[in-house]
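In this text the structure is predicted, and so the values were computed from the model without any measurement.
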Amino acid sequence: MAATMVSSAGALLAMLSENHPSLKLHALSNLNAFAQFFWPEISPSIPLIESLYEDEEFSERALAALVVSKVFYFLGELNDSLSYALGAGPLFDVSEDSDYVRTLLDKAIDEYASLRNKVADSNEEASNIDPRLEAIVEKLLEKCILDGRYQQAMGMAIECRRLDKLEEAIMRSDNAPGCLAYCINVSHSYVNRREYRQEVLRLLVRVYQKLPSPDYLSICQCLMFLDQPEVVATILEKRLRSEHKDDGLLAFQIAFDLVENEHQAFLLNVRDRLPKPKSQPFEQSIARETESSQTEDAAAASTDVQMSDGANATSATVSEVDPLEATYAERLTKIRGILSGETSIQLTLQFLYSHNRSDLLILKTIKQSVEMRNSVCHSATIYANAIMHAGTTVDTFLRENLDWLSRATNWAKFSATAGLGVIHKGHLQQGRSLMAPYLPQGGAGGGGSPYSEGGALYALGLIHANHGEGIKQFLRDSLRSTNVEVIQHGACLGLGLAALGTADEDVFEDIKNVLYTDSAVAGEAAGISMGLLMVGTASEKAGEMLAYTHETQHEKIIRGLALGIALTVYGREEEADTLIEQMTRDQDPILRYGGMYALALAYSGTANNKAIRQLLHFAVSDVSDDVRRTAVLALGFVLYSEPEETPRIVSLLSESYNPHVRYGAALAVGISCAGTGMSEAISLLEPLTSDVVDFVRQGALIAMAMVMIQTTEAMDSRVGTFRRQLEKIILDKHEDTMSKMGAILASGILDAGGRNVTIRLRSKSKHDKITAVVGLAVFTQFWYWYPLIYFVSLAFSPTAFVGLNYDLKVPKFDFVSHSKPSLFEYPKPTSVPTATSAVKLPTAVLSTSAKAKARVKKESEQKEKEKSVGSESTSASAAEKSKPTEKDGDSMLVDNPPEKKVEQEPSFETLTNPARVVPAQEKFIKFSEGSRYMPVKMAPSGFLLLKDLRPDEPEVLSLTDAPAAAATAAPAGGSTATATTQQGSAMAVDDEPQPPQPFEYTS
């Protein structure tokens, strides 16, 4: 019966009332075939067809159900349609490729997933789920696996909480490791509930371990999320005990990857579960061997021999000491160093020092344009210097401006001293001796100023942030031995930073004692410090803290505690809901403000819809501006895993009539899009940088710097525009203090860490970096308390590729960046002073650069023996002294005609280990074919362990902590971009006093 012959379903519907079953069957099968054409005609007869389905004696009930299902589908009644499709049993063919089947399958999966989730939430039995629905979903999963659509099958299995099917899909796939990686990604990005995510990861770990060659790097990342340090320790120990060098390298790589997530308490747990290495295994074995037969003197003598003449002494004992044991002990020592964070901190410190490209002239410009009596801008300059040199250990600017610095009084002095902690961040060995001149000298309040003593204790915390084992006790003693609230304030902040997330009971008690003195200044720091100590533990101590907020009268203490309570629920998601509910319903706006931070941190990086809805609700409905501002700002923390969503979500809020909401929108974009250089983020912030309200401009400038950090002008021309805008604001005498402060801080953040760090809130393995998130959360508190600005340094992560050999040394080798060198190069050093402030700057710098140019030209003159070029260059350099901005460009044209430059720009660049690799550059990094070293895992940046493919050849090492080489390179480059090492920029400043020498005022 062809479709063209049937013009109406009337006859078929009439047949349904006939008594003979074969007529009914004929009618039903045709109605089924033509349902999509005649459903309007069939729909009034649905009750009749339903009665056939319900008639138990009718043999073709399933067909009747299918017809009803199709008609309901076309009527848009999907629930009824699905329930009849289930009644159709095998006649509902999941493999049919039609809109009807596809839509109902989607509906079936949604229905099944929501039922499974309800069962999981209420801990009921799964028996009340329709087995027919389950059968359809299982059929669909099976079909996906058979068709090779494994990712689809795994996604459905995860959504429907069918972990048995998830395991089956992975094991039957043709690329199990790839599927596992996909599942990890899905579970972090799309599984909203924390407990279920842990179940998925537990399953993935089990499956990983069944594979013939397990991916231990991924297993250990999962175990870290599951908080199973003992299993990680076992895996590491097995690798360390292996006789293969590659297993040792793998263990070190796992340790470095774990360290990148900055989970101090977990790392120390892993380290403490590894056996302690026997320091000097050979000597101990000698002592053991000779104990019974020799006297102690003889044993000591044999040890001495071993020390002086290793080869001879050890050869005797090699038979006793298993070389494997010696290797194991050596590896243990190394891995404990990595897990404690010392190795990576030391390497980062050396990298930031040797690659420092900070431009001291920018600071000089800021210092000269800031009025001395404006203490806010004076302090902001000190903050900017600390951020600009974070972790580089270069304090040239401070040393050269001591009398300017000494004008800081009271809290400004506290901040100035604390800034040293940011500059020397990670200097674990010398940290205390560096700060010694400022630290409290025995007894309560020694001879120095309590402000610089408090600042020094805070600085020690910043130096040892998240790695405070060595300094914790000293900070505790300092806290106990003083009653001066300023020193207590510094000691509390320092202690919170050093013991970050360790939940140390004794330290908590010490800080609590300070809180209970009810001093506003010390209490504020104590509240924040308790949160830092208990970060992410969801400890019941949060209840004690909440109780105290209702007892004290001090706003400062309530605010410190509100933030502290929020820190304790970091990453706990739905576990924190009760506490969040309590805080957000409180009468006190400061506690509701803390509730916004609690929401931000509990759901940080989850992009959880419920959290976003709650925050948006408070952003538009709360009566307190502080709460509204923080609610919008908190969106940045919830959304940083999906930065492209943030500008879209806050775009309307950024146009709000309320300046606090606009400020929040700016910082939300700054936080979630930090370091991405994302175009949409920059477009949203641009209008806010010239807002009518001063503090909105401040927030927008800081946020813009956070987004643009490590983005070059070649990648986005707006970076250059923004730098010029900052300079204009700083130099403008009529600009108000708030936006001036924003511009000064933005200058610091833009060039942070000697232009070698970015802000990263997630590690490369998609884990949240606890220290970074916590650092930014406390940093945003600077609205109330400027010294907290330094917390931003916790979010900095070096944009470095550091390849390490088996001895954890940095061998020299080359790899390639397949992009134009100009795309990712450092900003030109002289661009800032010459653009608009030429008049304000001493000519010394320009004359130095002119001399350097003249010298370069003289050399080329000797080579080519062309006198005309020589005369031109001299005139150019002479003119340059008198008229710097215009002639600078001209003389550059004489040197390099622009056409030549275009020809010379290669399409790739050779980088030498260790190298600066900015986030946008990572996709261009490739290892050369015939390279001597290959990484254990392919990654474009971070700490990578290298396999040496030619171990017999001698190695050349980098990062031997000798920056002299960089200094010698500076003069040769003159004023070109290559001469922008730290020493180069320091020289430019050092050379400035030279021009007055001919005047000789000595008499």
Side-chain angles (χ1 to χ4, degrees), residues 36 66 69-70 73 78 81-82 85-86 88-117 119-120 126 129-193 196-215 218-219 221-222 607 609 641-642 644 765-766 938:
Q36 70 193 71
L66 188 61
S69 168
K70 283 186 178 177
Y73 164 72
L78 293 184
S81 177
L82 178 62
L86 296 178
L91 289 184
F92 178 69
D93 180 9
V94 294
S95 59
E96 184 188 311
D97 188 21
S98 67
D99 287 347
Y100 159 69
V101 169
R102 278 198 298 272
T103 308
L104 282 199
L105 286 177
D106 287 349
K107 178 79 184 153
I109 291 167
D110 290 346
E111 188 74 17
Y112 183 65
S114 78
L115 286 169
R116 293 281 304 181
N117 283 326
V119 166
I129 295 180
D130 189 333
R132 297 172 306 171
L133 180 64
E134 196 154 53
I136 280 191
V137 173
E138 284 181 1
K139 261 191 225 166
L140 185 58
L141 280 166
E142 183 61 31
K143 181 176 182 300
C144 285
I145 294 172
L146 289 173
D147 293 352
R149 297 203 302 264
Y150 300 111
Q151 291 193 351
Q152 203 174 334
M154 292 183 294
M156 278 164 50
I158 290 175
E159 194 181 350
C160 298
R161 287 182 178 252
R162 287 296 301 268
L163 296 185
D164 53 335
K165 289 287 171 191
L166 176 64
E167 182 169 3
E168 189 184 325
I170 296 171
M171 294 312 272
R172 285 170 63 181
S173 75
D174 44 10
N175 174 14
C179 286
L180 283 163
Y182 172 78
C183 288
I184 289 177
N185 206 6
V186 167
S187 63
H188 283 311
S189 308
Y190 300 108
V191 177
N192 278 335
R193 300 190 73 81
Y196 179 46
R197 194 179 313 128
Q198 291 182 332
E199 275 180 54
V200 175
L201 290 173
R202 272 194 284 275
L203 169 86
L204 296 181
V205 169
R206 274 207 312 280
V207 177
Y208 261 125
Q209 288 171 332
K210 288 181 190 169
L211 296 182
S213 53
D215 175 1
S218 301
I219 293 177
Q221 292 291 338
C222 293
N609 281 329
S641 56
E642 296 179 15
E644 56 288 337
S765 53
K766 297 282 193 294
M938 291 312 273

Are the side chains of R132 and E134 in touch, meaning some heavy atoms are under 4.5 Å apart?
no
Just so I know, are the side chains of E111 and L133 near enough to count as touching, which here means a heavy-atom distance under 4.5 Å?
yes
If you measure from OG1 on T103 to CG on L82, what distance do you get to the nearest 0.5 Å?
11.5 Å
Please round to the nearest 0.5 Å and tell me the distance separating atom OH of Y182 and atom CD1 of I170.
11.0 Å
Go through the structure and list residues passing salt bridge (charged side-chain N to carboxylate O under 4.0 Å, His left out) with D147, not counting sequence neighbours.
K143, R149
Please identify each residue that fulfils side chain to side chain contact (heavy atoms under 4.5 Å, CB included) with [X], with sequence neighbours left out.
X	answer
S81	S69, F72, Y73, Y100, L104
S187	V191, R197, V200, L201
L105	F92, V94, V101, I136, L140
A153	L141, C144, I145, A169

What are the two closest non-hydrogen atoms of Y150 and C179, and how far apart are they?
CB-SG, 4.2 Å
Would you give me the side-chain donor-acceptor pairs under 3.5 Å for residues 158-167, sequence neighbours excluded?
| residue | atom | partner | partner atom | Å |
| --- | --- | --- | --- | --- |
| R161 | NE | N117 | OD1 | 2.5 |
| R162 | NE | D164 | OD1 | 3.1 |
| R162 | NH1 | Y112 | OH | 3.0 |
| R162 | NH1 | E138 | OE2 | 2.9 |
| R162 | NH2 | E138 | OE2 | 2.9 |
| R162 | NH2 | D164 | OD2 | 3.0 |
| K165 | NZ | E168 | OE1 | 3.4 |
| E167 | OE2 | K210 | NZ | 2.5 |

For the pair D110 and K107, find out whether any cationic side-chain nitrogen is under 4.0 Å from an anionic carboxylate oxygen.
no
